[in-house]
Amino acid sequence: MSFFQLIFNFVARHRRHYLLAAAMLMSVGMLTVWIPRRVGHLVDELVAGHLTQTLIVQQLGILLLMGVAIYFLRVGWRMQLFVASYQLGVHLRTELYRRLCLQGPDFFQQQRTGDLMALGTNDADAIELAAGEAMLAGFDGTTTLLMVLAMMFLGVDWRLTVIALLPFPFMAYAFKRITQQVHDASHEALNCFSHLNDQVQESLAGVRTVRALGLESRNASQFAELAQKAADASLRAQRWEAAYEPAVGLALTTAGFLTLCLGGYFVWHAQMSIGALTSFTMYLGQLIWPMFAAGWVLSLIERGKAAWRRLGPILSLPLSIEDNGTIAAVPQGQLHISGVHFAYPEQAQAALKGVSITLQQGKTVGLVGPTGAGKSTLIRLLLRQYMPQQGTLSWGEHPLENYRIDNLRRHISWVAQEPFLFSASVAANIALGKPDATQAEIEQAAQLASVHDDILRFPQGYETPVGERGVTLSGGQRQRVAIARALLTNSPLLLLDDALSAVDTGTQTSILQHLRAARLGRSVLIVSHRLSAVADADHIVVLKHGAVTEQGTHAQLMALDGWYASQWRYQQLEASLDEI
Ligand code: ATP
């Protein structure tokens, strides 16, 4: 969709506000052009000595009333337009947020957070201004221009009007040149702002690393450089916008000069009255606003177009995972992964090569293997963040893609390697997937995740705020809060992606014991580097370089004496050395 289509569709949708604004505007325009003509007549009658004192007072009273009416009408139509244009900002931001929520990880891999934030703030603002301020000035300027020109042409003297308008085509040409420059400069300014945003976002997110490595001054100078670039780009855009003013000034001064020369000639030769020339000069003065409005409108539209050039493609980018599934029923039955082959976009090396695993309903499967083997990738496929290039993943009778994505994800509890906590209380973080959970349910989930006692030691217990991303909690506490969150929803499938890596082995054992009791009849897939976390699983799968190399129960794998058995012995030895 083009920028003008966007604005047109929006105006059509909010036509009531825009029509009301236009009606008030027309009234303002008519009153505005009526006043100079009225003043012209008064001057002529004054010169002819036809005016009494009472008549003068009466006429001035009428002019004053007109002025007051113009004021209120202007306020009224601005209100109507802004009510509508703010809605465009709301619509764009909501749509951007909705699309971002639906996009998969490969989208976020290609986009930068600061850039996306800039789109929702600066760019959306620029488009909103085009639908509000630009429409306002454009409407107002055009109506005033047309009415003033009609009055000059038909009401005063058409010859004088033609002469006075001679400089305006030159002004239009200058506008065209300036407008292109404003567009390019605005686009660059928006890009620079995005880079600046990226830098702020990354520096703040990694502030601990920056400090630990003593990179503060290097980061500060990089930031200063970007800030300077952004300021320079904004200045360039402003400078080009400022160029509209001299073009308008020059055209109007030349028009005034031509009017005085020819108008003076007409008055001298009695072809025009002084009152008519007075009206004409007043009308010429009234052209100042439409001309400035034209410059302002063009610059706002160019800024809006430049912003839409950045925001539009993000809104129309196809979703990385299409949600064409229709099944809304609770998924049930065994989870079957069959011959799955998957390579990340633009990666030559496949992350999964012909993986087949079956997870019977109510059973626990352990997934282990060296780092980079493809364990988390398999979980991402189960969550439908990516689609495999070959093979199928099905739950019960149906392939995963036949389920509606929201339905599927609602019935999978996933605890990531590095869980994300929101800046809310501990209780709110646990209840994230079940906002109506009672305090007793929240505490029960925390007990199952062995974090209840830790929480009670916090200054405000369950109401303690966890800070942004849960900074006030230790890594192990964050993991256990995330496990409690997953357990509270009690969904049919629980995916633990190395979710116990930051807790000690004793706590891990007690969490796993609680899990076994609490999740009877529900399936669990545990990914872990620590083999003790999967030793009791019903089935264990070893992944190496994206392929299944060993599988069976703990006893079977020990008997096989492969990677699993050697890792097990190594980890047992390590644990016994730790105890010494
Ligand atoms: P770990 O135990 O260290 O978490 P893992 O077994 O979970 O490792 P994956 O994260 O699934 O391994 O990664 C499998 C392979 O895919 C690795 O070679 C990794 O570099 C690659 N990979 C992972 N994520 C991406 C991505 N977003 N884009 C491209 N390649 C990726």
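Order of appearance sets the numbers: ligands from 1, and atoms from 1 within every ligand. Remember, predicted model here, so these are calculated numbers, not experimental data.
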*Asks:* Side chains of Gln180 and Asp184: is there a donor and an acceptor less than 3.5 Å apart?
*Replies:*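 Asp184 and Gln180 do have a side-chain donor-acceptor pair below 3.5 Å.
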
*Asks:* For atom 4 (O) of ligand 1, what's the nearest protein heavy-atom neighbour? Residue, atom name and distance, please.
*Replies:*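 Minimum-distance protein heavy atom for atom 4 (O) of ligand 1 reads Gln417 NE2, 2.8 Å.
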
*Asks:* Within 4.0 Å of atom 25 (C) of ligand 1 (strictly less), any protein heavy atom?
*Replies:*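 Under 4.0 Å from atom 25 (C) of ligand 1, at least one protein heavy atom found.
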
*Asks:* Ignoring angles and geometry beyond distance, decide whether Gln347 reaches within less than 3.5 Å of ligand 1 through its nitrogen or oxygen atoms.
*Replies:*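 Among all N and O atoms of Gln347, none is under 3.5 Å from an N or O of ligand 1.
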
*Asks:* In terms of atom number and element, which parts of ligand 1 are under 4.0 angstrom from non-hydrogen atoms of Gln109?
*Replies:*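 So the answer, numbered in order with elements, is 26 (C), 27 (N), 28 (N).
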
*Asks:* How does Lys375 reach ligand 1, if at all, at less than 4.0 Å between non-hydrogen atoms: by side chain, backbone, both, or neither?
*Replies:*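 Both the backbone and the side chain of Lys375 come within reach of ligand 1.
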
*Asks:* Check the pair Arg409, Ile412 against side chain to side chain contact (heavy atoms under 4.5 Å, CB included), reporting the backbone distance first and the verdict last.
*Replies:* CA-CA 5 Å; Arg409 293 186 183 157; Ile412 299 179; 5.7 Å; no

*Asks:* Specify whether the nearest protein heavy atom to atom 10 (O) of ligand 1 is under 4.0 angstrom away.
*Replies:*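 Yes, at least one protein heavy atom sits under 4.0 Å from atom 10 (O) of ligand 1.
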
*Asks:* Between Ser376 and ligand 1, find which residue part has any heavy-atom pair under 4.0 Å and reply side chain, backbone, both or neither.
*Replies:*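 It is both parts that get close, each with some atom under 4.0 Å.
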
*Asks:* Applying a heavy-atom cut-off of 4.0 Å, say which part of Arg380 lies close to ligand 1: side chain, backbone, both or neither.
*Replies:*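 For Arg380, only side-chain atoms sit under 4.0 Å from ligand 1.
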
*Asks:* Any salt bridge linking Asp232 with Arg236? Criterion: basic side-chain nitrogen under 4.0 Å from a carboxylate oxygen.
*Replies:*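 Looking at Arg236 together with Asp232, the answer is no, because their closest N to O distance does not fall below 4.0 Å.
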
*Asks:* Considering only heavy atoms from C-beta outward, does the side chain of Gln5 approach that of Phe10 to under 4.5 Å?
*Replies:*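 They are not in contact (no side-chain heavy atoms under 4.5 Å apart), so the answer is no.
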
*Asks:* Considering only heavy atoms from C-beta outward, does the side chain of His187 approach that of Arg310 to under 4.5 Å?
*Replies:*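 SC-SC contact between His187 and Arg310 confirmed.
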
*Asks:* Can you sort out which atoms of ligand 1 are near Thr377, meaning under 4.0 Å from one of its heavy atoms?
*Replies:*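 This gives 9 (P), 11 (O), 13 (O), 14 (C) as the contact atoms.
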
*Asks:* Considering the options Thr509, Thr505, Asp504, which one meets the side-chain hydrogen bond (donor to acceptor under 3.5 Å, both in side chains) requirement together with Thr507?
*Replies:*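 Among Thr509, Thr505, Asp504, the one that satisfies the side-chain hydrogen bond (donor to acceptor under 3.5 Å, both in side chains) with Thr507 is Asp504.
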
*Asks:* Return yes when Gly374 approaches ligand 1 closer than 4.0 angstrom through a heavy atom, no otherwise.
*Replies:*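 Yes, Gly374 has a heavy atom closer than 4.0 Å to ligand 1.
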
*Asks:* Measure from the ring center of Phe420 to the ring center of Phe422 and say whether it is less than 6.0 Å.
*Replies:*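 Yes.
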
*Asks:* Atom 17 (C) of ligand 1: which protein heavy atom is closest, and how many Å away?
*Replies:*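 Protein heavy atom with the smallest distance to atom 17 (C) of ligand 1: Gly372 O, 3.8 Å.
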
*Asks:* Tell me the protein heavy atom at minimum distance from atom 3 (O) of ligand 1, and give that distance in Å.
*Replies:*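 In this structure, atom 3 (O) of ligand 1 has Thr371 OG1, 2.5 Å as its nearest protein heavy atom.
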
*Asks:* What atoms of ligand 1 come within less than 4.0 Å of a heavy atom belonging to Ala373?
*Replies:*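 In order of number, 5 (P), 6 (O), 12 (O).
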
*Asks:* Is a salt bridge present between Lys544 and Glu550, judged by a nitrogen-to-oxygen distance below 4.0 Å?
*Replies:*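 No, this pair does not count.
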
*Asks:* For ligand 1 and Ala351, I'd like to know whether there is a polar contact (N/O to N/O, distance under 3.5 Å).
*Replies:*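 No.
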
*Asks:* Measure from the ring center of His554 to the ring center of Trp568 and say whether it is less than 6.0 Å.
*Replies:*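 They qualify: ring centres under 6.0 Å apart.
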
*Asks:* Output yes when Lys229 and Glu188 qualify as a salt bridge under the 4.0 Å nitrogen-oxygen rule, no when they do not.
*Replies:*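 No, no charged N to carboxylate O under 4.0 Å.
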
*Asks:* Just to confirm my output: which protein heavy-atom neighbour is closest to atom 16 (O) of ligand 1, and how far is it?
*Replies:*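 Closest protein heavy atom to atom 16 (O) of ligand 1: Tyr344 CE1, 3.4 Å.
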
